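Everything on this sheet refers to the single structure shown next.
What you see is a predicted model; the values in this text were computed from it and never measured.
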Amino acid sequence: MKIIPKTEKLTAKDAEKFIEFLNKEYFKLHKRYEDFFWTSYMGDHSIDEKFTKSKKELDEFKASTELSEKVNAFIEIAPVKLKERFLLWKKFFSLYQTPKELLELKDRITKLEAKMKRDQGEFPYGYKDPKTGEFVSASSGKLRLMVGIEDEESIRKAAYDSLQESAPAFVEDYLIYVSLMNEFAQKLGFEDFYSYKVFIEEGMTKKDLFDIFDKIFEKTKSAFSEVAKIAEGNPKMKKPWNFSYMISADFEKEEDPYFQFETALDVWTKTFANLGVDFRGGKIKLDLLDRKGKYSNGFCHWPEIIRFEGSKRLTGQANFTCNLVPGTIGAGQDGIHTLFHEGGHAAHYLNSDMRDVCINTEYPPASTAWAETQSMFMDTIFSSIEWKTKYAKNKDGKSYPFDLFERKLEKLHAFSPLRMMGIMSVMYFEKEIYETKNLTKEKVIKIAKSVRNRFSAFKHNSVMLLNIPHIYSWESTCSYHGYGLAELALSQWREYFFKKYGYIVDNKNIGKEMLKVWKLASSKTFPEFVKIATGKKLSADAFIKSVMKSKKEVIKIAKERIEKQKTIKTKNTNDIGAKIELVSGKKKISDNSKGFDTMVKKYNSWLSKQK
């Protein structure tokens, strides 16, 4: 890495050259790493050695003492506007200053991660057919889907048992991983890796974070007794392979015709366009179907981050993925959900106007919680009854029925707080894992069972927490709280928007207000962004209020919002200002270079052959 040479006297011109060097060098290293990251996570592990090397080179740049010192020197002589930019770089480098021996430790962690990911990708997931006794190959994602929607209880149980049995398969490596992660954090002066992660991502202490969620648990744990009442007299419902199926499978089947995957791209782009979301010429690559060896969880990343050449802003690129199984119940709903969720992520950073690339990525100083607020906010639009009755239609053009919403609410209302319980289970699992001394395989399994029991309505002694892919990756380990904090922030943001405008779906004012904070990329902290966006400090009040509403209140509000939508005029457009490419692994299926309709037609033709 060639660094601008030292001079006896630094000048403003030197400062301009140096900040240009920082941006170009970081962009180059980031893009190389992210390109290999995508290839590896999509199932091609032939490049894993290059992937690991690129990660090491990127880490070395971030941890460079020489670059950090140079930034500090230029802060003293730079003009005001340039000084503000150097202060962002100062904060960036301060988060990554790492002794040389810890860079070597980080490299060991990266190599272990690559091994675990490769082992998980090659693991022979599947289940034993209860009728034939034969082994049936199935990805972990498909097994999870089967537990929720398969009509045959014996098959649901077989899928569940398989997930339970495979969950501890990687614990031996996980023990080493946790030990190395803690060693890294402790040598930087932190209690453990969780303390380190929450500090650099959110600027919070671990105690402050868990104080918030301890309060939420106490305020919402009454939902467990409500759920227990529902299961009274029906012991089968308490079985872990029956619970999800018995409470929601019928609804999923009834809803399925209204969420056709063939229409997913259409309803996604129309919704975003009418919300005022524009990707400003950015590129989006989508890989949506399940494949053997492919990473088992959806995500979005940015191989090309927003950057500037002189005064010219250059567009970026986002890739996102999920693991749809064509032809299965719920595939359409999952597909549309992915486009909304990951599309929210993509819009966030592809709309940055910040000149320095170090704050145009999802990595610290970026806040995981703020990033998830954007994507989960879009989730709430997709899941809202006013969106469903307007956009979700079956093949005959009939809209999602309100009576289905009412019946679903009647049966599932008591479960409203349980989504947060699921998030908290991962948080508290990792907290306890990283705090436990002399961790062993037996202790890991015991913690997984006890934490799962604490945050579940029924005690199943499940080890399913070990199936959460986030716990095996540096970027997502000890970051699941981001989803929890995002739930609080988006509840507060939605409350703000409804009070100000009266509606959210198809309201271009929402897009305009979101753009104002998107332009700032990661230049503020999570609490600062929440205050800018909502005018108030972060609080759990709006979230608790939203999940504890009575059924009567929910129905009244739903009817009001549907009536409001009848007065809103929308445009029939799919233009979201993006260059879209649809792929499967290395194979390009279609793109919108010759028009949106042509792209969709070609993709759906390919899709029909995958079932």
Return yes when atom [atom1] of [X] has more than 12 non-hydrogen atoms of other residues, nucleotides or ligands closer than 6.0 Å, and no otherwise.
X	atom1	value
K270	NZ	yes
K408	NZ	yes
K56	NZ	no

Ionic contact status for [Y] with [X], cut-off 4.0 Å:
X	Y	value
E304	K283	yes
K142	D290	no
E113	K55	no
R32	E57	yes
D597	K601	no
K393	D266	no
K28	E25	yes
E410	R407	no

So, the side chain of [X] versus the backbone of [Y]: is there a donor-acceptor pair under 3.5 Å, distance only?
X	Y	answer
S40	F36	no
T525	E528	yes
T39	D35	yes
N23	V357	yes
K294	D287	yes
Q565	V505	yes
S162	A158	no
W268	L339	yes
N507	N509	yes
N604	E262	yes

Might you point out which heavy atoms bring [X] and [Y] nearest each other, and give the distance in Å?
X	Y	answer
R156	V147	CD-O, 3.4 Å
C358	P365	O-CD, 3.8 Å
Y258	N394	CD2-N, 3.6 Å
D278	N351	O-ND2, 2.9 Å
N592	M599	N-SD, 3.5 Å
S352	N360	OG-OD1, 2.6 Å

Please work out which of the three classes, parallel, tilted or perpendicular, describes the rings of [Y] and [X], given edges at 30° and 60°.
X	Y	answer
F92	W89	perpendicular
F340	F272	perpendicular
W518	H348	tilted
H341	H337	tilted

* **Residues Y363 and E475: side-chain donor-acceptor under 3.5 angstrom** => no

* Given the rule in the ring-ring contact (aromatic ring centres under 6.0 Å, His included) test, do Y245 and Y160 qualify, once you have shown the distances and angles that lead to the verdict? -> CA-CA 12 Å; Y245 175 83; Y160 176 85; over 10 Å; no

Rounded distance (nearest 0.5 Å) linking atom [atom1] of [X] with atom [atom2] of [Y]:
X	Y	atom1	atom2	result
I359	S523	CD1	OG	5.0 Å
L490	Q374	CG	CD	9.5 Å
L88	R355	CG	CZ	12.5 Å
I381	M376	CD1	CE	13.5 Å
E581	N319	CD	CG	8.5 Å
E386	E560	CD	CD	11.0 Å

* **Trace of the salt bridge (Lys or Arg N to Asp or Glu O under 4.0 Å) decision for K411 with D250** => CA-CA 11 Å; K411 190 170 182 180; D250 287 344; 5.2 Å; no

* Would N274 and Y391 count as a side chain to side chain contact (heavy atoms under 4.5 Å, CB included) if you check the C-alpha gap in whole Å, the side-chain angles of each, and the deciding distance to 0.1 Å? -> CA-CA 12 Å; N274 283 305; Y391 283 95; 3.5 Å; yes

* How about F61 and Y33: are their ring centres within less than 6.0 Å of each other? -> no

* To do: Check Q492, K499, R494, K500 against Y496 for a side-chain hydrogen bond (donor to acceptor under 3.5 Å, both in side chains) and give me the one that passes.
  => K500

* Start with the C-alpha distance between Y480 and Y483, add both sets of side-chain angles, then the distance that settles ring-ring contact (aromatic ring centres under 6.0 Å, His included), and finish with yes or no. => CA-CA 6 Å; Y480 220 78; Y483 296 112; 4.8 Å; yes

* To do: Take L288 and F261 through the side chain to side chain contact (heavy atoms under 4.5 Å, CB included) test and state the conclusion after the steps.
  => CA-CA 11 Å; L288 303 174; F261 185 51; 3.8 Å; yes

* **F498 six-ring centre to R561 NZ/CZ under 6.0 Å and within 45° of normal** => yes

* How about Q333 and D256: do any of their side-chain heavy atoms sit closer than 4.5 Å? -> no

* Asked: Given the rule in the ring-ring contact (aromatic ring centres under 6.0 Å, His included) test, do F37 and Y295 qualify, once you have shown the distances and angles that lead to the verdict?
  -> CA-CA 11 Å; F37 172 92; Y295 185 63; 7.8 Å; no

* To do: Mind running side-chain hydrogen bond (donor to acceptor under 3.5 Å, both in side chains) on E255 and Y400 for me, showing each step along the way?
  => CA-CA 8 Å; E255 284 182 323; Y400 186 100; 2.5 Å; yes

* To do: Applying salt bridge (Lys or Arg N to Asp or Glu O under 4.0 Å), run through E563 and K566 and close with a yes or a no.
  => CA-CA 5 Å; E563 284 302 308; K566 292 176 182 177; 2.8 Å; yes

